[in-house]
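Since the structure comes first, as structure tokens, the remarks are kept for the end.
Labels below follow one simple rule: chain letters A, B, ... track the order of the sequence lines, proteins then strands, and each chain is numbered from 1.
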2 protein chains.
Amino acid sequence: MTLPIPVASEADVLARLAHSSQSPQSPVWPLSRFFSWLVERAAARAFTVEQMPLAKMDQWSTDSETGNIGHRSGRFFTIEGLKVESDLPWVTNWVQPIIVQPEVGVLGILIKEIGGVLHCLMHAKMEPGNVNVVQLSPTVQATRSNYMGVHAGAAVPYLDYFRPNGRSRVIVDVLQPEQGSWFYQKKNRNIVVETDDDVEVGEDFCWLTLGQLTQLLHWDDIVNMDTRTVLSCIPSAEDVDARGESTLRGEPRSFSEEIRHSFAALQRGHHTLREVLGWLSEQRSRRVVIQRRVPLRQIDDGGWRRSDELIAHESGRYFQVVGVDVVAGGREVGSWQQPLLAPIETGLLALIARRVDGLLHVLVQARIEAGSPNAVEMAPTVHCQPINYQDRPPEARPRFLDAVLDAPAESIRYDVIQSEEGGRFFHARNRCMVVEVGDDFPLEAPDHYMWATLGQLSALLSHGSYMNVELRTLVACAKALGQRS
Amino acid sequence: MTLPIPVASEADVLARLAHSSQSPQSPVWPLSRFFSWLVERAAARAFTVEQMPLAKMDQWSTDSETGNIGHRSGRFFTIEGLKVESDLPWVTNWVQPIIVQPEVGVLGILIKEIGGVLHCLMHAKMEPGNVNVVQLSPTVQATRSNYMGVHAGAAVPYLDYFRPNGRSRVIVDVLQPEQGSWFYQKKNRNIVVETDDDVEVGEDFCWLTLGQLTQLLHWDDIVNMDTRTVLSCIPSAEDVDARGESTLRGEPRSFSEEIRHSFAALQRGHHTLREVLGWLSEQRSRRVVIQRRVPLRQIDDGGWRRSDELIAHESGRYFQVVGVDVVAGGREVGSWQQPLLAPIETGLLALIARRVDGLLHVLVQARIEAGSPNAVEMAPTVHCQPINYQDRPPEARPRFLDAVLDAPAESIRYDVIQSEEGGRFFHARNRCMVVEVGDDFPLEAPDHYMWATLGQLSALLSHGSYMNVELRTLVACAKALGQRS
């Protein structure tokens, strides 16, 4: 008995997505031109970003009663407090600042067939929290207010393609959760639509095949988080027939082929898809996560200290809330100020990969997400900020953290830094790794962990409530590892 | 009888250069971080460049007698006229504008051993003529006035390492000619020095191994011309023993290995090094090139038209002289205006490569260079702006141009756009190609052409008067093709 896997209506679309994924070059331009273009757009856009005191930010103020930080217009987002109770072994309750933005944003990629290959319209977009200012973003990143056309002001280019008006066909459309450690119950709509229109390409936009886009995941901090999550949700239809069965035969002869075999195993691996889902449901029913929004004033109880300058934890760990001053340069005019959440250190997101029954599997965990709408989500094998556990005894350190940090160089298959959303987070980056282990690595998974094929994860991404954004990043990165060279 | 090949004093240096060339990663940072950093520097530097009328440029004026364009200070460069007589079959004399800058500049790369591997200190440098504003430049690009410390003003960082003062050891030091079509007898000093000092790394600078730097040649418009020429002059000591003999055995099994075998053949190929040099000398003695500087006013005779806006040829071909207005953005202040030479179209630089006696050779031509100090230099097989020959009959088109343009995709081994110097040229770019041909391609070279190994070209680059800057670019690009994967 297999679970039905929802796919875009036409098998034809899957075949064309697969063709685009296998197209490392494009009739529009060679990938070798990409970085020159991105550097040129960065130079032309010319924004500078400097940290500034929270208390001096123009247009942002502190509520005298709650201490919450918000914009005078009531728009954008607020910084509030969150109290969490959980069954984590090393901390059963805590309080923290959190970003509250109670609306669903749109992360949309517009695709179009050019020269017989599907291309994605990508945006070289400036965000104040990006370490490099400009990264490659989906065609649109829009708030619900943008989408509903509530506010006046500059329209978001191409947004109309993502409204139901017959100008485009929907390929992917799924709500996915954002960073549960930093956002309160935030979800975004991950959407891919295809058009046949003649699309005018703005000077900050470019067309890339899925194969070209995926190759860029080998470089640090280029493909932004919003692009990665949308990419992860695009059905992995390479090497899979109409019934969802793998078309690959024989033994894989390279790690890249192992990855492709794993992506082609949608229904069956060491566990069936139903067993994987059952494991997650059981975890969700058993684990304790109680979230309670509290006034930001109350975070003092948890060791958080607020000054005119910033909000920080007395231990020096976790993250800070800081202000930034953004100035547009060149011949543009414009500037603004805003708060951002700034992690203390680069995080670590790692997937451990092992052959099980001749097929590559990855080890996922059921992780408590402080602010997530799902409370427990599937996450990478290791998902933490290592600095938070620096002086902890081995039993209080995240499981498999040391296995990943001590992995021999030849077993590290992917090791690239990727950035989190630069519109809300300041220099928030994760070291993303895929580490291959041998048959001596225990097949029996600890209670919170499960072996799954990449195809199973990919199939579950048609649904919005299973995987955290960090695991979605690693699924996208694994696609890069599986590319034909 | 073999020619002695000048090398850096110690065999040890050659071995360490080879080690750096074979280091695709570095203890300082992984290459995957590079483009994020370059984008970040581009965004931070934030210059905008716009074309403007020549006649309105601040600080630049036209000499009332000669019509030459120069800076009021007498510094920088002038735009004058050049009259050329040659034995080219399709044009025996012509007149053109040319850039006159009668001094030798310094293009210097500072190297230092870090973690046991030599690293190059590279500069993310803004130049107004770059299509993408910022490219990767040597540690210093300095004029003779900078070098001599004649003028007051901001010092060029790191320049002191390139003065004889015991802080560094010279590895490469050779004068090489610049673009002969656009510069009047311009040479630059290509210099590489090694230091043991603790070097403070400025925020626009980064350390890269030779292997990392070479990999970047696979991307359009990232490694600037000044870097490429210095790279080409670094002795190719991989796979070569102390006597200059190849240490590679057996048949090459890939094109990359063919390239390495060719680079390891320093002395002997189809011709000896002495025969290659003899051919060039004979060509130089036989070809006619008479250069005469004339007032810029006289270019009218050759079909050049000058307006307040720009200088252009009435045929719409060749190049224009334009003005640009440069404004620094972000939080920096500063702006200036200057003339630049703007080619009408992207040029084509191609090497045809063929196995001769089991060893890969490239076909070089002895090319007349209008303004070069050498008049005739070794150049790529094809070196032209194709647009200039669009409507010419086959016999008046550059030899091998059509062979390259019509080459089947699988024979094109390298096809990347590289930029010329953005401090003097506006959006001047060349499509750089290496095209492999089979045994059916005639081995007998036409009069102006010669087969040589890449090792022979590399050995000749210890001398400054043989190869034009465009061929030096292709030698550097060939190094990228020969990298071990």
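Here the options are B:Val134, B:Leu136, B:Val131, B:Asp221, the test is side chain to side chain contact (heavy atoms under 4.5 Å, CB included), and the partner is A:Val39; only B:Val134 passes.
The two residues A:Ala43 and B:Asn132 make their nearest non-hydrogen contact at CB-O, 4.2 Å. Here the closest non-hydrogen pair linking A:Trp219 and B:Leu31 is CZ3-O, 3.3 Å.
At a heavy-atom cut-off of under 4.5 Å, chain B is reached by A:Asp415 from residues 404-417 of chain A, listed in order of number.
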